[in-house]
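Presented below is the structure to which this report refers.
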Amino acid sequence: MQSTKPHAALLASPGMGHLIPVLELGKRLVTNHGFHVTLFVVATDASTTQSLLKEPYPHINIIILPFVDISGLIDPAATVVTSLAVMMRETLPSLRSAILALKSPPKALIVDLFGTEAFAVAEEFNMLKYVFDTSNAWFFAITIYVPTIDKNVEDKHIIQKQPLSIPGCKSVQFEDTLQAYLDRNDQTYIEYKRIGIEMPMADGILMNTWEDLEPTTLGALRDFQMLGRVAKAPVYPIGPLVRPVGPSVPRNQVLNWLDNQPYESVIYVSFGSGGTLSSDQMAELAWGLELSKQRFVWVVRPPIDNDAAGAFFNLDDGSEGIPSFLPEGFLDRTREVGLVVPMWAPQVEILAHPSVGGFLSHCGWNSTLESITNGVPMIAWPLYAEQKMNATILTEELGVAVQPKTLASERVVVGAEIEMMIRKIMEDEEGFGIRKRVNELKQSGVNALSSKGGSSYNSLSQIAKHCELSL
Ligand code: UPG
């Protein structure tokens with residue numbers, strides 16, 4: 001007998017920032033909404049991706065699509081966005097074959113931002129098509145609105161540096177704008193623009209946010225007089241979807257060290273799955289940490305401008321290494337209070353640890369949500385993509401982070417300013433206020449996901465209903 005469970009196919013683009021939330025979506029569809037899920041993942045040799053996929057995911061059928069070599073198709077200096085867009089495009093034939101080979105055809109295809117060209121495949125197989133924006137509603141709003149005012153973006157926003165006003169939403173300041181918008185002839189802009197045109201063609205738009213986190217922007221997206229004229233598809237905030245603390249993560253040196261530190265005394269420093277700093281900035285950060293006299297865990301990667309530094313890490317397992325680019329004597333002087341971790345750390349487990357009291361973050365949306373859902377105040381240190389917008393949400397709208405002033409001027413942030421930021425969130429009155437607000441948001445995220453009428457839970461129930469109706 002054929003299963004009556006709705007079957008959804010999910011397509012994740014490479015990179016932990018996309019794979020983690022897509023996997024969490026798959027888990028929720030299975031556990032709470034009775035779905036059968038097939039997850040298509042584009043093969044990469046990243047060890048982090050491989051170890052994440054090794055974990056058991058009951059009732060999720062994971063299919064690794066073959067590696068595609070795009071080296072001949074892109075400029076060697078192409079941005080990550082361009083590479084991902086091209087890679088996902090080149091993957092479409094194997095996605096089509098993999099869907100054909102499935103015993104029961106899925107009723108819906110859910111793709112992330114970089115997968116919207118697969119809508120054509122969904123249509124071919126008569127499937128519902130959804131896009132999952134793994135970031136927030138404000139980023140989604142700018143992405144779909146920019147193609148409609150293409151020329152204005154260049155004239156007013158980029159050349160005259162005026163704020164980019166999006167109907168019903170907070171305007172985007174020139175300083176916060178996406179790097180991709182700065183050159184309309186660059187392939188990155190062209191890909192972003194295409195994605196912005198394709199996303200509203202979905203049957204529904206899922207976002208890793210929730211009603212109480214971004215009420216104004218979500219309202220604007222639904223208002224047909226405003227952005228709704230662009231995005232006719234219904235909007236479903238389904239977050240916060242974050243990876244839970246995993247039983248499969250072994251106790252390691254960092255977690256053991258955290259066990260011996262006082263409550264909320266440690267600041268965690270990390271720049272996401274691939275971010276890093278310049279050598280000068282790294283030296284100032286080290287100095288700032290030392291000056292602050294706070295306990296810290298710092299995930300360190302070779303600086304952008306020092307390729308040779310990678311050689312000082314044991315890159316295979318990230319467990320050993322001598323970070324030669326840190327100031328002389330830094331490790332010795334901070335041995336009692338700090339831990340420097342090469343390349344990668346169990347971030348969710350760290351943020352959930354009671355000893356952690358602050359997070360200096362690049363504001364990738366997953367890191368942001370992981371901090372909020374663990375009630376950890378932040379220092380916002382955006383690097384690229386939509387991270388400056390995320391930092392503005394955190395500091396100006398939600399009041400759960402502080403931000404170094406110098407970052408806006410693109411100069412190196414000096415140790416003394418970093419010290420001040422760290423002290424502010426770890427020690428000051430202002431820090432207590434921030435901690436209170438972030439804990440309120442943590443609770444509102446819990447409420448959104450509650451099966452007893454939570455708004456995000458209800459959003460996923462609606463999607464389940466659509467899929468069941470089309471069975
Ligand atoms: N992570 C670890 N250990 C580390 C570093 C990262 O577990 O040492 C995890 C982290 O917990 C998080 C993920 O890796 O779940 C990183 O995701 P995120 O914080 O979103 O950063 P990026 O990988 O930089 O994410 C990309 C974009 C970012 C965007 C995000 C979601 O760079 O701007 O918000 O994707 O679309």
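Ligands are counted one by one from 1 in listed order, and the atoms in each one are counted from 1 as well.
The shortest side-chain heavy-atom distance between Glu24 and Lys27 falls under the 4.5 Å cut-off. Side-chain contact between Pro303 and Gln281: absent, with no pair of heavy atoms (C-beta onward) separated by less than 4.5 Å. Counting heavy atoms from C-beta on, the side chains of Arg435 and Val400 never come closer than 4.5 Å.
Contact atoms of ligand 1 toward Glu386: 28 (C), 29 (C), 33 (O), 34 (O) (distance under 4.0 Å to a heavy atom of the residue). For ligand 1 and Tyr384, the ligand atoms under 4.0 Å from any heavy atom of the residue are 32 (O). Those atoms of ligand 1 that come under 4.0 Å of a heavy atom in Glu370, given as number and element, are 10 (C), 11 (O), 12 (C), 15 (O). Contact atoms of ligand 1 toward Gly272: 5 (C), 6 (C) (distance under 4.0 Å to a heavy atom of the residue). Close contacts of ligand 1 with Gly364, meaning ligand atoms under 4.0 Å from a residue heavy atom, involve 18 (P), 19 (O), 20 (O), 21 (O), 28 (C), 34 (O). Listed by number with element, the atoms of ligand 1 under 4.0 angstrom from any heavy atom of Ala385 are 33 (O).
Using a 4.0 Å cutoff on heavy atoms, Gly274 does not count as a contact of ligand 1. Heavy atoms of Arg243 come nearer than 4.0 angstrom to ligand 1 in no pair at all. Heavy-atom distances between Phe271 and ligand 1 stay at or above 4.0 Å for every pair.
Polar contact with ligand 1: absent for Val299 (N/O pair, distance under 3.5 Å). For a threshold of 3.5 Å applied to N or O pairs, the pair formed by His362 and ligand 1 contains at least one separation below that value.
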Going through the distances and angles, do Ser459 and Trp210 end up as a side chain to side chain contact (heavy atoms under 4.5 Å, CB included)? CA-CA 10 Å; Ser459 284; Trp210 64 101; over 6 Å; no

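Considering Glu349, Met16, Glu24, Gln387 only, the shortest heavy-atom separation from atom 27 (C) of ligand 1 involves Gln387. Considering only non-hydrogen atoms, atom 14 (O) of ligand 1 lies nearest to Trp344 out of Phe132, Trp365, Trp344, Tyr268.
Distance from atom 20 (O) of ligand 1 to its nearest protein heavy atom, with residue and atom name: Asn366 ND2, 2.8 Å. Regarding atom 16 (C) of ligand 1, its nearest protein heavy-atom neighbour is Ser273 N, 4.0 Å.
Among residues two or more places apart in sequence or in another chain, the ring-ring contact (aromatic ring centres under 6.0 Å, His included) test is passed with Tyr192 by none.
With salt bridges taken as basic N to acidic carboxylate O contacts below 4.0 Å, none links Arg437 and Glu440.
Listed by first then second residue, pairs satisfying salt bridge (Lys or Arg N to Asp or Glu O under 4.0 Å) with a partner in residues 337-347 number zero, not counting sequence neighbours.
Side-chain polar atoms of Gln294 and Ser265 form no donor-acceptor pair below 3.5 angstrom.
Taking the six-membered ring wherever Trp is involved, the centroid distance between the rings of His18 and Phe114 falls below 6.0 Å.
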